[in-house]
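Throughout, protein chains are lettered first and strands after them, A, B, ... in sequence-line order, and every chain is numbered starting at 1.
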There are 2 protein chains.
Amino acid sequence: MKKHQVTIIDIAKNLGISKSTVSRALTNNPNVSAETRKAVLEMAKSLDYQPNMLALSLIKNETRLLGVIIPDIQKPFFAAIVSGIQHAVGRMGYRTIIAQSDESPQIEKENIQALMLSRVDGFLICHTRDTRNFDHVKTLYQKGFPLVSFARICQELPIPKVVEDDFNGLYTTTQHLIETGRRRIALLAGPKHMRASKLRQQGYMAALRQNGITYDQDLVEHTRFLPEHVTSAVHKWLALPKPPDAICTIYDAGGIQIIQLLKNKGIRIPEDIAVAGFGNDPVASLVEPGLTTFEQRPYEIGLIAGKQMLDTLKKKFTDMPPEITISQGKLIVRSST
Amino acid sequence: MKKHQVTIIDIAKNLGISKSTVSRALTNNPNVSAETRKAVLEMAKSLDYQPNMLALSLIKNETRLLGVIIPDIQKPFFAAIVSGIQHAVGRMGYRTIIAQSDESPQIEKENIQALMLSRVDGFLICHTRDTRNFDHVKTLYQKGFPLVSFARICQELPIPKVVEDDFNGLYTTTQHLIETGRRRIALLAGPKHMRASKLRQQGYMAALRQNGITYDQDLVEHTRFLPEHVTSAVHKWLALPKPPDAICTIYDAGGIQIIQLLKNKGIRIPEDIAVAGFGNDPVASLVEPGLTTFEQRPYEIGLIAGKQMLDTLKKKFTDMPPEITISQGKLIVRSST
DNA sequence: TATTCTTTTGGGAACATTCCCACAACCGTT
DNA sequence: AACGGTTGTGGGAATGTTCCCAAAAGAATA
């Protein structure tokens with residue numbers, strides 16, 4: 001079944017020369033006579049020789065493979081980032097191994113350890129919503145692996161980071177809601193410990209403060225991005241003596257679910273309650289009414305992250321501590337507000 | 001920067017024993033005394049030894065890496081398949097390198113050649129919508145690479161194939177439209193040479209025939225899945241002396257676009273024209289009206305394809321020619337029909 | 001013709017690991 | 001005491017490649 005693979009030694013034997021000479025001919029080394037090179041190239045072609053990258057990797061200790069750790073490839077946001085990363089690093093001959101953590105910190109850790117053993121040349125990591133311990137990434141850092149952190153970043157290491165326009169996104173969205181006459185604006189946030197959620201909430205609070213609206217703790221709910229959390233948050237808000245006249249969320253899927261819930265209850269959007277999201281997922285424009293949302297460009301985030309990885313691999317960042325890069329976004333107003 | 005990596009030779013030197021013995025202790029080979037094994041394990045731990053999979057791969061000529069070739073990871077259909085594949089093969093310690101062809105047959109070919117050089121252990125391939133020449137896959141087959149073809153399959157090789165419920169899907173959908181009183185049913189198909197498109201069209205035609213409806217060539221349009229093709233098809237149909245009272249498509253994105261187009265023209269759905277899709281993309285339930293569609297389970301397709309790959313790797317299919325597997329679907333009726 | 005310089009080639013180490021073979025040490029049996 | 005068996009260990013080949021060093025062959029100079 002599996003026949004002997006053709007090696008440079010086979011070429012050498014067939015031509016009665018040494019493997020060193022064959023290697024030179026194949027690698028464009030100048031120290032070969034023109035006729036020898038020609039003979040080697042022809043023989044390589046006729047034997048259908050394929051270089052064995054494994055042997056090369058072993059010598060150079062470089063695989064040209066990058067590990068990409070994401071929670072879930074089925075989320076359009078992550079799929080777009082992966083696409084961006086691949087297009088950025090593919091030009092330089094790097095391939096990516098995608099590993100999904102399924103939002104489990106344990107699996108995230110296992111994936112990283114497995115890819116470390118596979119000797120990938122670097123890691124691009126987006127943590128699970130529950131990752132709070134970063135020891136596994138610190139180990140990577142100590143071992144000298146090039147690292148780039150994106151979206152849900154690790155702040156405890158001096159590595160390149162690419163994030164969304166968190167603060168500004170919710171600041172702008174909240175500002176827009178206030179400008180359209182809303183005063184009791186609820187916020188569907190994420191896990192309390194999560195950096196992006198905290199920043200987005202700060203943007204929301206800053207807009208309220210700037211417009212002289214007092215912050216009402218009852219109008220802010222924290223979720224772990226699960227549908228049941230959204231349902232209970234909405235029910236809680238609707239049961240308030242003074243229910244909100246607008247709800248903004250830190251993620252589109254939550255906004256879309258809220259639209260469905262409110263429609264089912266016969267509540268008019270945006271007349272009774274306005275709804276806004278974050279991210280501009282492909283679905284945001286398809287729901288009825290269209291979801292007002294702060295656009296993010298995940299593909300661009302991937303491109304930037306990939307670029308940063310290439311720079312790190314070229315050791316451009318030997319001294320200067322790598323900065324955090326914010327991918328700008330903009331508000332897209334649709335009929336939900 | 002990059003310090004010397006710890007090898008079994010370092011362990012051997014530190015303990016004053018040979019590398020063979022260290023190797024045995026580390027691989028649970030029985031021919032080591034209990035005390036030696038203990039000493040080796042402790043030393044390995046204290047030196048933070050990490051086995052080098054590259055060397056192992058070189059010896060065994062096996063990387064535990066699989067190449068997955070898809071057109072576009074940003075399409076939910078392919079993202080779900082990838083997820084299924086990963087979960088199926090991950091259990092057996094296989095990792096996947098995802099390569100996107102961006103619907104370009106040329107890039108598809110280049111990706112396959114690059115991954116071949118990287119010595120992946122097998123390929124799971126979904127071709128571009130324009131791939132008609134399969135020489136690159138035949139080369140792979142001749143070289144003995146395990147192959148699995150899914151969704152847009154290559155029919156010219158005796159390899160495992162996993163496909164959607166093509167014929168039945170459009171047969172059932174068309175049948176449903178007829179049962180709800182439709183008589184002039186248009187079909188938005190795909191490229192003429194594409195197997196899935198042909199089969200789906202056959203399902204559509206079979207349902208018409210069985211109900212005594214004569215096939216009208218004017219009601220069938222072929223697209224390359226681009227939005228502009230959809231627009232011109234719809235315009236053409238609406239300009240007919242007797243426009244259709246239903247439109248079914250072989251992909252959800254087309255159906256959704258048609259819904260938008262008709263709504264913009266003030267045409268009522270489903271009263272004036274009913275619309276049906278294929279695939280049950282996540283968005284199908286979110287548009288208004290909800291898109292009736294024939295559900296496919298891409299995650300399941302991925303699981304099956306991954307399973308078939310594992311079987312092929314275990315050489316289960318030495319003799320029997322591998323069959324084509326059809327992932328069953330079912331009609332989901334929503335308010336667009 | 002001898003000497004130096006350049007070009008081309010071959011031999012072997014190195015990368016990290018496993019596996020086969022040989023040998024030593026120890027044990028029990030005759 | 002000699003023999004056969006088991007158990008633990010070391011040495012070296014093998015995987016496919018590159019790279020360094022030495023040497024051979026050829027060309028150019030004195």
Interatomic distance where CE belongs to B:M53 and C1' belongs to D:dT15 [whole Å]: 17 Å

Dump every N/O contact between nucleotides 7-10 of chain C and the protein below 3.5 Å, one line per pair.
unit_1 : atom_1 : unit_2 : atom_2 : d
C:dT9  : OP1    : A:T36  : OG1    : 2.7
C:dT9  : OP2    : A:S33  : N      : 3.3
C:dT9  : OP2    : A:T36  : OG1    : 3.4
C:dG10 : OP2    : A:S18  : N      : 2.8
C:dG10 : OP2    : A:S18  : OG     : 3.1
C:dG10 : OP2    : A:T21  : OG1    : 2.8
C:dG10 : N7     : A:R24  : NH2    : 3.0
C:dG10 : O6     : A:R24  : NH1    : 3.4

Nearest-angstrom distance from the residue atom CG of B:L58 to C1' of C:dT18: 11 Å

Contact check, side chains of A:I304 and A:Q308, non-hydrogen atoms, under 4.5 Å: yes

d(CG, B:N52; C1', C:dT18) in whole Å: 13 Å

Full working for side chain to side chain contact (heavy atoms under 4.5 Å, CB included) between A:I9 and A:K13: CA-CA 6 Å; A:I9 299 182; A:K13 276 186 190 156; 4.2 Å; yes

Pair A:E108-A:H127, side-chain donor/acceptor within less than 3.5 Å: yes

Axis deviation across the helix from C:dT1-D:dA30 to C:dT30-D:dA1, five-pair ends, to the nearest 10°: 70°

Aromatic plane relationship, A:H87 with A:Y299 - under 30° parallel, 30 to 60° tilted, over 60° perpendicular: tilted

Sugar-phosphate, base or nothing in reach of B:T7, heavy atoms under 4.0 Å: sugar-phosphate

Distance in Å, A:M309 CE paired with A:T96 OG1, rounded so as to fall on 0.5 Å steps: 11.5 Å

Rounded distance in Å - CD1 (A:I59) to P (C:dG12): 18 Å

Contact under 4.0 Å: A:S23 side-chain N or O vs D:dT17 OP1/OP2: no

CA sep, side-chain torsions, deciding dist, call: B:M92, B:L313, side chain to side chain contact (heavy atoms under 4.5 Å, CB included): CA-CA 11 Å; B:M92 299 303 290; B:L313 286 165; over 6 Å; no

Side chain to side chain, B:N111 and A:R95, heavy atoms closer than 4.5 Å: yes

Within 6.0 Å of NZ in B:K109, more than 12 heavy atoms from elsewhere: no

